[in-house]
Structures are given as C-alpha cells and as structure tokens.
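Here's the structure we're looking at; comments come further down.
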Amino acid sequence: MGNKKKLLLIDGSSVAYRAFFALYNQIERFKNPAGLHTNAIYGFHLMLDHMMKRVEPTHVLVAFDAGKTTFRTEMFADYKAGRAKTPEEFREQLPYIREMLTALGVSYYDLENYEADDIIGTLDKLAENEEEYDVTIVSGDKDLIQLTDSNTTVEISKKGVAEFEEFTPAYLMEKMGLTPKQFIDLKALMGDKSDNIPGVTKIGEKTGLKLLHEYGSLEAIYEHIDSFKTSKMKENLINDKEQAFLSKTLATINTQAPLTIGLEDIAYAGVQKEQLISFYDEMDFKQFRGQLSQSVSPQTFEVTYTEVKDLKADMFREDQFFYFEILNDNYHTEEIIGFAWGDDHGIYASTDTQLLSDPLFKSVLEKPIKTYDFKRSKVLLSHLDIDLPTASFDSRLAKYLLSTVENNTISTIARLYTDLPLETDDEVYGKGAKRAVPPKDILLSHLAKKVSVLLASEQPMRQKLSANDQLKLLFDMELPLAHVLAKMEIAGISVRKETLQDMEQANEIELQALTQEIYDLAGEEFNINSPKQLGVILFEKLGLPLSATKKTKTGYSTAVDVLERLAHRSPIVAKILEYRQIAKLQSTYIIGLQEAISFDDKIHTRYLQDLTQTGRLSSIDPNLQNIPVRLEQGRLIRKAFVPEWKDSVLLSSDYSQIELRVLAHISGDEHLIAAFKEGADIHTSTAMRVFGIERPEDVTPNDRRNAKAVNFGVVYGISDFGLANNLGISRKAAKNYIDTYFERYPGIKNYMDRVVREARDKGYVETLFHRRRELPDINSRNFNIRSFAERTAINSPIQGSAADILKVAMINLDKALSAGNYQSRMLLQVHDEIVLEVPNAELASVQKLVKEIMETAIELSVPLVADENAGKTWYEAK
DNA sequence: CAATTCACG
DNA sequence: ACGTACGTGAATTGG
C-alpha cells in the first residue's frame, strides 16, 4: 500500500529538437517581439504539459546533453560526427527552455562528458533500487527503449507534440519480439546513422531481427558464427566484429553516471506564477498566459460601458456594432441572455431583452447594422418578432474569408487583428456541466469587451479583405447568403413523425432477427456495434483470413470494404453488413431525426457558413446534407420529408457534374471543354478518350465505371495508390490509367502543375471568386504532409468554386422569388442541390426560374446544367 | 475524448 | 522509399 511515487524523466535535448521540427512550418508565426524564434519553446511546453497531465509525477527531471565531447567520443572519435549542424533558430531557444523549466518548477540537469540518456538511465536505476517508484521516460529517440522494465515505461514521441508510442517490455516483445536488452544488440548490428554508430555492414532492421530471434544476443551470434553458411552476411559479420561490439558499447546507456544530484533533489515544485507570467510575456505566449491568468489575476483589458435600463435616442448612432449573446450554440432553441452595442463614442449593454422590442430599438434594427454573425442574430431576433433585414458588416464572416486556419470566435479575432486580450467564452461562462450565465456585471463587461473588439478589428480586417480582393466576396456573396440561409433555417422543413415511427418498428424487428442470426453463427453473444469485439469474433474465433484485413491503430479493421472481401468465406459477414446498414439508418436517421423534430413538426437545421476549408456549407443539429439516397432502403427515409403547405410539392434542383465543369473551365482543357459543349455523357466521353474507343455505344458499363473513378480521382488530386484502392486494381494499372489520362487531357495536367506551383509560391490557392485556402504544409519536408497539401491545392479551387457558384445561384434565386412575389421558398441546400417548397400553382414557372437562375449563375467556358424534379415528398423529388 | 464506422456531395 | 484519394457530421465504444 502507500502512495507510489511517480518519476518523470525527460530527454530534454531530443524532445526540444522534436518540438522544433513539429512546429517548423509555423516558425515565422512563432517569433516574440524581440525577434527570437519560439516554436521549440512552445512545443516543448505543450509536450511537457501533456506528459505532466498524463503522469502526474511527484518527481520530474529534464536531462540535457552537456556538450560535444563525451566518454563515447573518447572511445570512438567519430561518434555523432557528420551530423547536420543544428540550426541557429533552434540553438538560440535552448537557454529559454531552461528558463521556462525553472518557472514551471521542473528541475533540469546536465553533466559534463555524459549524454541525457545516461543521466536518465542512472536516475532510473536509482529509482529502481528504491522500489516505490513508477518511472516514465520521455524521448524522441528510440535508444531509451532499452530502459523499459516492469517499473519503467518509455514514451517515444511519434507525431506532433502530443502523440507518443508507449513502450513496455510486453509491447516491445509484441512489436519486435525483443527484450529490452536485445534492443541494444539490434542497434549494435544495425548501427545508427544519426549517431554515426557503424554497426555491421549491410545489416538493417530486418536481418538484425532475424539474427536475434534465432540466436538471442550479439555474443551468441558470434559464438555460432562458424556454423553459418558461407554468405556475404557471414563475411560482413566477421569483418565487422570489432565494430559490432564497439557499437554495442556505444549504444548501451550508462546507468552509473557520477551524478551530483539525487532523487530527493528533483521533487516537482509546482509553477512559480510570477516568474511564469513574465516569461510568457517575454515570449509572447498569449495562450499560456491566458490559461494561467485564469488561476491568478484575470488578465484582460478594461472597457467602460453604460448599463442600459431605459433607452435614450442619443444611445443610437450610425455605424454602431450590435452583438447578441446566447449561452449555448443552438440559436434556434437558445434565448438572448444579454446584448451590447456601440461605437468609439460609447458602449451600451443590457440583459433586458424587452428593450429590443421598444419601437426605438426596432427602428434602429430595421436599418443596416454591423454585427458578428448576422445569421444567428437574425434568427434570434425573429423569435422576438423582430425582423433584421440587412447587415452592413459581419465580423465573423469577414474573419472566415481572411483565414480558415483558426476558428472565427471574437476571442480569435481579438488575438489576430487587435492587441486586446479577450477571454474566451469557455473561460467566462465555463464549459461542460459548469457552463452558466455569470453574474450580471461579469456578463455585461464581457459583452462590452466583445463590442470593443469588433470595433477595433473592423478596419484591420477590411484592409486585409481589400488587399486580398475579397470585399465583393463578403458584401456580395457571404452577407447576402447569410440572409438567405437565415430564412431557410427559420422556415425549417416539415417531417412526418409517423412515417419514421413506422419505419422504426419495422427495422427494430429486423434488427432483432439479424442479431439472433449473428449470435447463432458466431456461437456466442457479443456487441455487434463494437468493432473491437466484432474483430475478435471474426478474426480469432471464426479464423477468417487476415489477408484482406487492414489494421487500424487499435486492432483489426471491420470496415465495409474489408468485410466485403470476406463475404464469401462465411455467411456471418453478409449478416453483419446488413445489420450495420439497418442499425445506421435506425440510430442516425430514423431515431435521430425524430428527436430533432420540434414543436412545429419541423426540423430546423443550422448551416455553418464559416467552417469548411473550401467554402462549402455544413449542416448540423441535425445534418440534413447526408440523408440517405444511394441505397433504396435508406432512400425511403426521404418519404418523411414533406411540404408544409397543402397543394404544394418539394422541388429539387441539382447541378449536373458541376465540379468537372468547373475543372474544365479553370484548366481550360480543350477536350474536356469540347465534351461538355457537345452535351456528351462525360464519363463515357472520358472512357472513349482514355481507352481509345471510337463509338460511344462500344463503351461498356465497366469502361464507364472506370472512367468515372478516374474523373473523381482527377478532382481529388489523383494518385495511383488512391485510384488503385478505389477500383481494386493494381497500382501499376492505375498509374497507367492516369498517365494515359494526362496524355489525352494535357490541359488538366497543366492545371495541376500550375496550381501546386502557385500554392508553393504564395502559400494559398483561390477559387474563381477569390475565396482563399491557406496551405501552410505545401513546403513541408514530410512527404505525406506535403502530398496532402498538394492534393488539397488541386481540389480546393474546384470544390470551392462549385460552392461559390451555388451560393450565387441561391442569392439570385432568393431575389427573383421575392421580386416575382412567389410564395415558393428555399428549404435545403446540399452542396450542388437546392430543395424548395412550391405551391402547385407556381410549379411550372418556378421550375423554369430555378433552372434558368442556376444555369446562369456564372458564365463559364462550358455550359452549366441543372436538373429539376418535383414530388409530394423528398423521395419523389428525385 | 479519441477512434471507428458510415451517411452525404 | 515514403504510404493517400477531396469536403463534411453523428452514433457508438471504451479508455
């Protein structure tokens, strides 16, 4: 019994280096006012926080390498020779990391002639002798793995600043089949490029592991060396014997370093607040500073405001900002808890929503106002029967257009465009269960501060919008769209609960039956919804082959594509697929949608206008942009979506192939343009060109299918691997398709090269309407990260321009419906589709109108085509 | 709170 | 050599 002590040992040199590179692509963002780079310091802090939280140590030490020469260089002059010079931007940060550790109450230590590894090894040994310690070692360097034992866990940094791979003796055995001691022998055989440890010629991880699994140790390998068959490997082993044993010595961590400190010296002291605050200020770490100030003195700015009890005419002037506050994010169900407005001459705040209905206030709101989140404001005020017709500025949308990298809260706006440190809503209102309306003075002051941030940030944001040529995007696209979306959300869509209830009952019975069948086939009961349990049943109990299996981080994958390849091996697989499909419909849609129906028998989704990286909308609470359609069983759900009015229908109008048309336009590829101008079936046309087929009627369904996949791939930023995966063909065959495609559509190839080059030069890409996507990773040295950024550079202008075009169409349609005094109204948007509610009497003319407006939203070098369908339910409007 | 799966364009 | 298709949201498990 008794509390075990917990010791955290950190390889400071290696963790700092990792932190430096984890945030390397943002290095220009991490500069304090004095010009010092701070990315490694910041990253180190994040890693340390992460581990402190996870381990909750009683004792901590950060060990650093002392200098260039160590006892190892005495034995082997070339040890760690030939290393790339440490960048100056990194070296300059090291002293500050030590300063930070002091302020954080964490000890650090270095020792002449020894490396950080040896300090850690020695302390680990000391702790082991005392027995009541649990030890966690953190490093970016796998060498430390040799120290793992029953009391010692080794965390090796894997990715970013908070992802680690946890090594225990059991894990090491499972992963590599090695004991911690054998891990040293592996390195002796393999060598280590970064430390310039030679190892044995031509022996890498694979051969090293094979030898160790067979003989157990380096010594044993050499004892048996005479019995080896003659081979190049044997020869290398013999020639490099001395080198191998030297490597082993070099790789072995010294656990007997002559430390001048002991465990009693490294107890965790806790943060030194004063010191830490001045350190954060010096480094310009606003975030850490903000978090800390929560527990110390609130660190913010002050603002004078008037708490309003009675309205007076002189409280209102032209060009004021108005801000309306709610506690949680669903503005359809939340009520205003306070509001504030003002300009440079004064800020006013109140919690009395009755004031809003005062004729004086109402008349002010009828004229264009500046605000933050016009759509939300409009919906909230509509609940008070106040109509907010227009806005002349929306800070939230402005921020979204300037950069999609961060969120668009006022706190973020404050940080990016002003020097006012505004607390986040989570800090002021609390989060999770603790969230609540604060005392009035705190609330009003926070609201007044928000208004003052909105005031201070408007000009900086306008200037940047202007510099980016994005003013029209804000004033002619996003702001008018916010108005249209508000009306759609307020209108909502009628959903028939009884239809869903009937489906729920039928499905319930079917699920019961399937569950029983699956249990019978499995020979036991288990949770079919648990991929983990399902994996055990399929791959262990039933012994299905792992050949088709993908692995996930946590175990076997049981995703559809895997299961489909296994379907012929056991009848249980098909049952599981069927169960999955119905269970998905049942929980997400049939039950989920019923819960989202409000008292007016309608569903009011919220469109997020400032979330996606491309300019698309998204839909939440519930998501009405992913209602099933591809499979008939799911598609039936659409029968529950109906018009509100009698003698009306739902009209759905969707763009045909809008992304490929956009691609044809921005690439200027003559063949793709010609195909669209001819009105050809685009996938058939692609099949003909790529597979060299003369007549359309000779294109088989399979040809067309393959061509379709290629077309999709092109839009996504194609790769042979991705296409191969999608089509279930070899990578080579996929590469062949792609090469032929680029040969036959040189304009497309040209576009891809051009847009990636532009992204590299400018750091961002743009849509036809100047919507930007920043691509900070485009010059990353990491192949994966860079490739992703390149595909994104290709895809974003296509997906984004298509999104822009539908937005324009919606705005134009809204205007036309109003101008024509139509009763018809838009209800839903699904990326390339608009759903309207239309009285029968208006159907013919509105259908024509919608088609016309969608097809003329923008003039491209290819025609735009929209197709309409109407019916009594969304299901029939297909 | 992360991971997995699956619904949509 | 590297190991991936682009963009979303919701339900469910299980630590």
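A note on names: the letters A, B, ... follow the listed sequences, proteins ahead of strands, and every chain is numbered from 1.
- Residues from residues 793-804 of chain A that place a heavy atom under 4.0 Å from any atom of DNA chain C, listed by number: A:Asn795, A:Gln799.
- Residues A:Val138 and A:Phe164 have side chains in contact (heavy-atom distance under 4.5 Å, counting atoms from C-beta outward).
- Regarding contacts with the backbone of B:dT4, a side-chain N or O of A:Thr552 is found under 4.0 angstrom from either OP1 or OP2.
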Requested in this report: Starting from the C-alpha separation in whole Å, work towards a yes-or-no answer on side-chain hydrogen bond (donor to acceptor under 3.5 Å, both in side chains) for A:Asp426 and A:Thr424.
Outcome: CA-CA 5 Å; A:Asp426 281 356; A:Thr424 65; 5.5 Å; no
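- Residue A:Lys532 places none of its side-chain N or O atoms closer than 4.0 Å to OP1 or OP2 of C:dT12.
- Heavy atoms of A:Asn726 sit under 4.0 angstrom from at least one base atom.
- A:Gln613 comes within contact range of the sugar-phosphate backbone alone, with a heavy-atom separation under 4.0 Å but no base atom that close.
- Expressed to the nearest 0.5 Å, how far CD of A:Gln625 lies from CG of A:Leu828 amounts to 8.5 Å.
- For A:Arg580 and B:dC6, the shortest distance from a side-chain N or O to OP1 or OP2 is below 4.0 Å.
- Within 4.0 Å of A:Arg773, counting heavy atoms only, lie sugar-phosphate atoms of the nucleic acid but no base atom.
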Requested in this report: Would you sketch DNA chain C in dot-bracket for me? Only Watson-Crick or G-U wobble pairs with both distances under 3.5 Å count, crossing pairs as [ ], other-strand pairs as |, the rest as dots.
Outcome: .....|||||||||.
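- Taking only side-chain nitrogens and oxygens, A:Arg791 never comes nearer than 4.0 Å to OP1 or OP2 of C:dA5.
- Looking at heavy-atom distances under 4.0 Å, A:Phe788 makes contact with sugar-phosphate atoms alone, never a base.
- Residue A:Asn527 is in sugar-phosphate contact alone, with no base atom involved, counting any heavy-atom pair closer than 4.0 Å across all strands shown.
- Base engagement by A:Leu723 is indicated by at least one non-hydrogen atom pair under 4.0 Å involving a base atom.
- Look at A:Thr554 and you'll find a side-chain N or O under 4.0 angstrom from OP1 or OP2 of B:dT4.
- When the P atom of B:dC6 is taken as reference, atom CD of A:Gln625 falls 22 Å away, rounded to whole Å.
- Contact annotation: the side chain of A:Thr686 approaches that of A:Tyr741 to within less than 4.5 Å [non-hydrogen atoms, C-beta and beyond].
- Annotation: cation-pi geometry satisfied between A:Arg606 and A:Tyr331 (NZ/CZ under 6.0 angstrom from ring centroid, within 45° of ring axis).
- The two residues A:Pro797 and A:Val662 have their closest heavy-atom pair at O-CG1, 4.4 Å.
- For C:dT8, neither phosphate oxygen OP1 nor OP2 lies less than 4.0 angstrom from any side-chain nitrogen or oxygen of A:Thr614.
- Atom CG in A:Asn626 sits about 9 Å away from atom C1' in B:dC6, given to the nearest Å.
- Side-chain nitrogen and oxygen atoms of A:Lys584 include none within less than 4.0 Å of the OP1 or OP2 phosphate oxygen of B:dA7.
- Here the side chain of A:Ser667 pairs a donor or acceptor atom with the backbone of A:Leu663 at under 3.5 angstrom.
- Remark: P of C:dA5 and OH of A:Tyr716 are 12 Å apart, rounded to the nearest angstrom.
- As a whole-Å value, the separation of A:Leu828 CG from B:dC8 P is 16 Å.
- Checking the phosphate oxygens (OP1, OP2) of C:dG9, a side-chain nitrogen or oxygen of A:Ser618 falls inside 4.0 Å.
- Backbone-only engagement by A:Asp621 is indicated by non-hydrogen atom pairs under 4.0 Å involving sugar-phosphate atoms exclusively.
- Residue A:Ala724 is classed as having no contact, given no heavy-atom separation below 4.0 Å to the nucleic acid.
- Not one side-chain nitrogen or oxygen of A:Arg781 sits closer than 4.0 Å to the OP1 or OP2 atom of C:dC2.
- Contact annotation: A:Ser530 reaches the phosphate of C:dG14 (side-chain N/O to OP1 or OP2, under 4.0 Å).
- Between the C1' atom of C:dC2 and the CZ atom of A:Arg786 lies a distance of 10 Å, rounded to the nearest Å.
- For A:Asn711 and C:dC6, the CG to C1' distance is 15 Å, given to the nearest whole Å.
- To the nearest whole angstrom, the two P atoms, one in B:dA3 and one in C:dT4, are 15 Å apart.
- Among the atoms of the strands shown, none is found under 4.0 Å from any heavy atom of A:Gly717.
- Comparing C:dC6, B:dC8, C:dT4 against the side chain of A:Thr792 picks out C:dC6 as the nearest.
- Between the A:Gln829 side chain and the A:Ile834 main chain, no donor and acceptor come within less than 3.5 Å of each other.
- A straight line from NE2 of A:His50 to C1' of B:dA2 spans 12 Å, rounded to a whole angstrom.
- Nucleotides C:dA5 and B:dT5 are separated by 13 Å at their P atoms, to the nearest Å.
- Considering only heavy atoms from C-beta on, A:Gln586 comes within 4.5 Å of A:Glu504 through its side chain.
- Within the nucleic acid shown, A:Val715 has no heavy atom closer than 4.0 Å to any nucleic acid atom.
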Query raised in the report: Please walk me through it: do A:Glu165 and A:Tyr171 pass side-chain hydrogen bond (donor to acceptor under 3.5 Å, both in side chains)?
Result: CA-CA 10 Å; A:Glu165 188 169 15; A:Tyr171 179 74; 2.4 Å; yes
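- Atom C1' of nucleotide C:dA10 and atom CG of A:Asn529 are separated by 14 Å, given to the nearest angstrom.
- Nucleic acid contact class of A:Leu617 (heavy atoms, under 4.0 Å, all strands): none.
- Residue A:Gln533 is in sugar-phosphate contact alone, with no base atom involved, counting any heavy-atom pair closer than 4.0 Å across all strands shown.
- For the pair A:Ser787 and C:dG3, the criterion of a side-chain N or O lying under 4.0 Å from OP1 or OP2 is not met.
- Around the NZ atom of A:Lys202, the shell of radius 6.0 Å holds no more than 12 heavy atoms that belong to other residues, nucleotides or ligands.
- Residue-level contact check: A:Ile620 touches the backbone only, with heavy atoms under 4.0 Å from sugar-phosphate atoms and none from bases.
- Counting heavy atoms from C-beta outward, A:Ile576 and A:Leu538 have side chains that approach closer than 4.5 Å.
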